[in-house]
Amino acid sequence: MIFTAVGAAYLVSAILFILALRWMSTPETARRAVASAVVAMAIAVVATLARPDVVAYQWIAIAAVLGTAVGIPLSRVPLTAVPERTGLSQSFGGMAAALVGTAKYYLWLEEGGLTPFRTGVISLEVILGCLTCTGGLMAAAKLADWIPSKSITYPFQNIVNVSLLILALLLGVYLVFNPTASWAIPVIIALALAFGVALLMPIGGADMPTVISFLNAYAGISAVLMGIVLENLLLITAGALDGASGFILSVVMCKAMNRPMTNVLFGAFGSAPAGAAATGDTRTVQSATPGDAAMLMSQADRVVIVPGYGMAVAQAQHRARELYDQLTKRGVDVRFAVHPVAGRMPGHMNVLLAESDIPYDRLAEMEDINPDMPQVDVVLVIGANDVVNPAARTDTSSPIYGMPIIDADKARTVLCIKRSMNPGFSGIENELYYNANTLMLFGDAKAVMGEIVKQLSGEAAAA
Amino acid sequence: MIFTAVGAAYLVSAILFILALRWMSTPETARRAVASAVVAMAIAVVATLARPDVVAYQWIAIAAVLGTAVGIPLSRVPLTAVPERTGLSQSFGGMAAALVGTAKYYLWLEEGGLTPFRTGVISLEVILGCLTCTGGLMAAAKLADWIPSKSITYPFQNIVNVSLLILALLLGVYLVFNPTASWAIPVIIALALAFGVALLMPIGGADMPTVISFLNAYAGISAVLMGIVLENLLLITAGALDGASGFILSVVMCKAMNRPMTNVLFGAFGSAPAGAAATGDTRTVQSATPGDAAMLMSQADRVVIVPGYGMAVAQAQHRARELYDQLTKRGVDVRFAVHPVAGRMPGHMNVLLAESDIPYDRLAEMEDINPDMPQVDVVLVIGANDVVNPAARTDTSSPIYGMPIIDADKARTVLCIKRSMNPGFSGIENELYYNANTLMLFGDAKAVMGEIVKQLSGEAAAA
Amino acid sequence: MTAFDPITALFVLMLASFVGLAVIKGVSRLLHTPLMSLTNAISSVAVVGAILVAGGGHDGLPTWLALGAVFASTTNLVSGFLITRRMLAMFKKREPRKA
Amino acid sequence: MTAFDPITALFVLMLASFVGLAVIKGVSRLLHTPLMSLTNAISSVAVVGAILVAGGGHDGLPTWLALGAVFASTTNLVSGFLITRRMLAMFKKREPRKA
Ligand SMILES: NC(=O)c1ccc[n+]([C@@H]2O[C@H](COP(=O)([O-])OP(=O)(O)OC[C@H]3O[C@@H](n4cnc5c(N)ncnc54)[C@H](OP(=O)(O)O)[C@@H]3O)[C@@H](O)[C@H]2O)c1
Ligand SMILES: NC(=O)c1ccc[n+]([C@@H]2O[C@H](COP(=O)([O-])OP(=O)(O)OC[C@H]3O[C@@H](n4cnc5c(N)ncnc54)[C@H](OP(=O)(O)O)[C@@H]3O)[C@@H](O)[C@H]2O)c1
């Protein structure tokens, strides 16, 4: 009876989780999404605590309090640190799966409950959990620059990596046939932990976001496996939802970067494209002052702002808001063109711009704004590079060839804010900067934007 | 072991069913959809026959052969008879569910396997199956005019109907508490069968398509219940897919007709709207000859054809194709505007036009074609009425007010083929016919279209 | 066969309903009529249930009832698939024959 | 607790994956970053598994391991929900304050 009630609670919880994700379809319904997921979680936890086979509470309470104490500060990180937070969170998720799998193994070892099926699933759960744990940690560390974010390679690296994984899997197979060979468990754990580190070593910091998204999928799968081990349908469902999300976000990123899925799916071996970095180009670029930029934009009818990774680095989103206000006050139509992989994680720019209070109906997606570009007077590119590189359209030899871009170059005038002529993420030159209708504004995005805004508001005060 | 294999087969079968429905998303992939569903079915049947608890084959083979013998002719009906075929098929589906439920009840009665849960679910399955069985039959009979299709009412009808259902449900509840009271089963069956008949009595033939769609959902739910009784996850899954499909198509129909869901959901009690039928209007309409129509269209640049129920009745789709060919040959741009509820079932017009070999990229949906209407030279309305009635846009007192329509009246010239000034399905007047830019072509759609085509081809031969 | 409890059944039902709603919403409006006949055919997988009961080696009434169900579902299965195929074969993109 | 077999588990997994793919595809691109943190939080329902093992009244290593898992999942749960709420609160349609 009580088990049926618990089962019913899990069922309701699963429904609410699914509805939560459905409600993420628009910003209007998204707040309901969080509420629904929180309720779902509360129901699941309370139902679990009410189960008659859960008898010891005090240590659980202590662990939960500790977890909360760590979780709250982790939720207060600046938005620019969201990618590393996500990596850490994946790491914790993997750890939880691995710990529960291991614990369950030892319990069943005592009780004689080990079957080949169970040990097989536990092995997979532990392997996936451990590699997600160290992988997520490495990704977070590289993103936060706790360790050098550059790609570290050595001879026979791929062979070493693959061997670690194969060894762990073979031990898992061995356990299926010898379920009680408990010595294998710590070895599997060690191998999988090492594999997680080794897997991430050769990957440069810039490739981390894609990796994190895949780790998301892995964390989901390890939750599914935990659900199978514990015979818990709610865990299976929630894990599958998480896995699907990680998978789809990875697909979105790969597509928007025009890189084949397989490239990343099979462990993202290999380093970020090295590319032909700044090759001492002798052509000249035209640069302008913030004053020129302010003048140009205040006289325009339509301005489109293209934010990129540089805006995130410089934390210039609040200046962008001020610029938006100044221009809007003058009757200029200002929109933001957001490329799906601008920045370093999916939706990165949207969150930053939302943080600075820009109404989200002013954010346009690439497909919607490109046809309007020829009618735009001024495009202001704030720290974006690859996502406005026309080589993606024209230069078949370019590593980003075929990636859909924002057609900034088709506007009447293009203003580009960046600190130098250094390339962006993909390490390649950008023709856009040499165009006749392009003016460069060199400097830190926040500083340059501040100047422009000052000119505009000074002008406004003078008027 | 064998059971695990059978379970795995069912799992594969379920996946293929889901993929089949996904592939119905475009006509290109739709053929794959049928193939995939057929394979899924074959796997499910073979796996079932391979189960060790299935031991007697010869009678099953005979029943299957008989079923095939009946099924093949049923698949050869003319396309205009598809709605009644669907009704019959729902009826058979309901019957199967009711029969299996009853059979299982008696088996468990012998074996002592009856639990309150099982009898409860069986009762629901039997009730739903039986009402779908007679309901589907009645719907088919009304649609095919085997019985008078008009709405039959008598005093206290709703009370009688509801009492039948409530009695059956109460007996079901009684069975939950007294699982072995087997006398109740035949009574439940009789009540539910009677309820199915009674439910359909007051509903006019024209409302049948919506009812059929709901019966579809009911048939799906009874399959789900069968799955619960037989502890078979594949049945539950397939039933849920069927139920969802019936539900969504009903919603689509209700929305496109601008009728509240609840109106139909709660048994579609009540008759089709009586409406203010042709109220001896004294205004005059302008009529034209097929020759005029041929001339007008051959000189147009853009022609839009709006087919409706009358085209289906007259089987005029092949003439429409000939007209399309003649006009296209002359360089006229011809498109077909298909309203979601034109005809008498969802997608009715699309199938008829596809039958007559009109390429489906020439079929436009209402939302896509309406904005172009002011640029259209001639709209030819073939036996459509409600779906082009401008009262839906303007006349708040009209029963169809708020229903989205095809804006035929906005074209330069409108030609309407119908036999009389009689109203269509909803029984209301149509202002369109009295407009200054409308010309009526009175007569059977097939005959009139034939004339027009003859004029055009004669002209072509003469030229 | 499989171990079974009502909650599991409801879990599967709930998930399958979500899947159903999602995939059916994606079906092209062009194909709503064939969709109806295809789902009819799919729900005739009830034949599996009918076979289980009819083939169980029992005697008497239950077997006869279940055989009736085998007949009814086979009818749906056969006619549903055939008519769906027939309808879908009519949908062509380019004009394949001269009229 | 519930009766259970691997095929049932796979059935649920299969259906849940289809549901997941369908709902996630419907998520607005605007919200991909909060989506990531929300699914993180949702997958921390693993805390249920951790509680089941940690609260089973056993002694020794397994309980300590499971308590570690309770800690790790609670961290995710709390930080995931809080940061998602924080991010979503930033998305506003009309301009609510003067800059
Ligand atoms: N969003 C995702 O999910 C995701 C995931 C993985 C990879 N990526 C990749 O990331 C790239 C994103 O493109 P993007 O155009 O946004 O960025 P980008 O191509 O990496 O270019 C960023 C530019 O910002 C400038 N910058 C850096 N710090 C700055 C500062 N403080 N002030 C002003 N400018 C600054 C840099 O030039 P200076 O050094 O000269 O200032 C650089 O050229 C794409 O190649 C994409 O494939 C995205
Ligand atoms: N599609 C669905 O799923 C569905 C389901 C339920 C209800 N409905 C309802 O059905 C209606 C469909 O609208 P509709 O515009 O297609 O049809 P309609 O409004 O029913 O009008 C059909 C017209 O065709 C004419 N007609 C009949 N036989 C003809 C023949 N042999 N030759 C020439 N004309 C003929 C009739 O006029 P004459 O008698 O003067 O010839 C009639 O006015 C809507 O009201 C809709 O709500 C549709």
Side-chain angles (χ1 to χ4, degrees), chain B residues 3 7 17 21-22 24-27 30-31 34 37-38 44 48 54-56 59-60 63-64 66-68 70-71 74-75 86 89 92-93 95-96 99-100 102-103 106-107 220 223-224 226 228 230-231 233 235-238 240-242 244-245 248 321 325 346-347 350-351 354-355 359-360, chain C residues 1-2 4 6 9 12-13 16-17 19-21 23-24 26-28 30-33 35-36 39-40 42-43 45-46 48-58 61-62 65-76 78-79 81-85 87-88 90-95 99:
Chain B
F3 277 130
F17 279 136
L21 290 179
R22 273 177 81 134
M24 288 296 278
S25 56
T26 62
R31 245 152 293 181
V34 182
V38 168
T48 307
V54 173
V55 292
W59 284 105
I60 293 179
L66 286 178
T68 309
V70 177
L74 267 182
S75 76
T86 309
S89 151
F92 280 17
M95 184 162 95
L99 287 173
V100 170
T102 314
Y106 285 117
L107 276 183
V224 166
M226 189 199 292
I228 296 180
L230 298 178
E231 312 193 338
L233 301 181
L235 281 182
I236 298 178
T237 306
L241 296 176
D242 193 30
S245 160
I248 289 192
R321 160 76 192 195
D325 285 334
N350 298 304
V351 176
E355 186 197 11
Y360 61 79
Chain C
M1 67 168 278
T2 65
F4 195 84
V12 169
L13 171 59
S17 304
V19 172
L21 293 177
V23 292
I24 302 286
V27 171
S28 159
L30 276 178
L31 301 179
H32 274 176
T33 299
L35 171 67
M36 249 169 137
T39 52
N40 272 175
I42 288 179
S43 75
V45 74
V48 161
I51 293 177
L52 282 179
V53 179
H58 315 281
L61 187 64
L65 293 175
L67 284 173
V70 171
F71 163 77
S73 328
T74 315
T75 309
N76 273 352
V78 171
S79 76
F81 280 130
L82 287 179
I83 203 166
T84 309
R85 204 185 55 175
M87 282 194 272
L88 288 177
M90 292 169 182
F91 284 86
K92 302 190 190 69
K93 189 146 192 172
R94 303 276 146 241
E95 303 171 38

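Throughout, protein chains are lettered first and strands after them, A, B, ... in sequence-line order, and every chain is numbered starting at 1.
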Most contacts with chain B, counted as non-hydrogen pairs under 4.5 angstrom, among C:T84, C:V23, C:L82, C:I42:
C:I42
Scanning both residues in full, the closest heavy-atom pair of C:A9 with B:I236 reads CB-CD1, 3.9 Å
Interface residue of largest heavy-atom contact number with chain B, from C:V12, C:L52, C:V19, under 4.5 Å
C:L52
Examine whether an atom of C:L61 lies under 4.5 Å from a heavy atom of chain B, and if so say whether it belongs to the side chain, the backbone or both; otherwise answer neither.
side chain
Run the numbers on B:L21 and C:L35 for side-chain contact (heavy atoms from CB on, under 4.5 Å), then give the verdict.
CA-CA 8 Å; B:L21 290 179; C:L35 171 67; 3.9 Å; yes
So which part of B:V224 gets closer than 4.5 Å to some heavy atom of chain C, the side chain, the backbone, both or neither?
side chain
Could you look at B:I248 and say if it's the side chain, the backbone, both or neither that has a heavy atom under 4.5 Å from chain C?
side chain
Give the intermediate values and the outcome of side-chain contact (heavy atoms from CB on, under 4.5 Å) for residues B:W59 and C:V70.
CA-CA 10 Å; B:W59 284 105; C:V70 171; over 6 Å; no
Just by modelled atom types, is the B:P346 backbone N or O under 3.5 Å from a matching donor or acceptor in the C:T33 side chain?
yes
Check against side-chain contact (heavy atoms from CB on, under 4.5 Å), C:V45 and B:T237
CA-CA 10 Å; C:V45 74; B:T237 306; over 6 Å; no
Mind ranking B:G347, B:P27, B:A37, B:G67 by heavy-atom pairs under 4.5 Å with chain C and telling me who comes out on top?
B:G67
Smallest separation among heavy atoms of C:P62 and B:L107, with atom names
CB-CG, 3.8 Å
So, the part of B:M24 with a heavy atom under 4.5 Å from chain C: the answer is both
Considering residues at least two apart in sequence or located in another chain, which fulfil the side-chain contact (heavy atoms from CB on, under 4.5 Å) criterion with B:S25?
B:T29
Give me the atom names and distance for the closest heavy-atom approach of B:F92 to C:T75.
CE2-CG2, 3.3 Å
Of the listed residues (B:T26, B:T102, B:V100), which shares the most heavy-atom pairs with chain C below a 4.5 Å separation?
B:V100
What are the two closest non-hydrogen atoms of C:N76 and B:S89, and how far apart are they?
ND2-O, 3.0 Å
To the closest 0.5 Å, what do you measure between CZ (C:F71) and CD1 (B:I60)?
15.5 Å
Heavy-atom closest contact (B:L230 atom, C:G49 atom, distance)
CD1-CA, 3.2 Å
Using a cut-off of under 4.5 Å for heavy-atom pairs, which of B:A44, B:S245, B:A30 has the most such pairs with chain C?
B:S245
For the candidates C:S17, C:S28, C:G56, which exhibits the highest count of non-hydrogen atom pairs separated by less than 4.5 Å from chain B?
C:S28
Ranking C:L30, C:L13, C:V53 by heavy-atom pairs under 4.5 Å to chain B gives rank one to C:L30
Do you know which two heavy atoms are closest between C:S79 and B:S75, and how far apart they sit?
O-CB, 3.6 Å
Tell me which of these, C:G26, C:G57, C:S73, C:A66, has more heavy-atom pairs under 4.5 Å with chain B than the rest.
C:G26
Under the side-chain hydrogen bond (donor to acceptor under 3.5 Å, both in side chains) test, which residues partner B:T48, sequence neighbours left out?
B:Y10
Run B:L241 and C:T39 through side-chain contact (heavy atoms from CB on, under 4.5 Å) and show every step you take.
CA-CA 7 Å; B:L241 296 176; C:T39 52; 5.9 Å; no
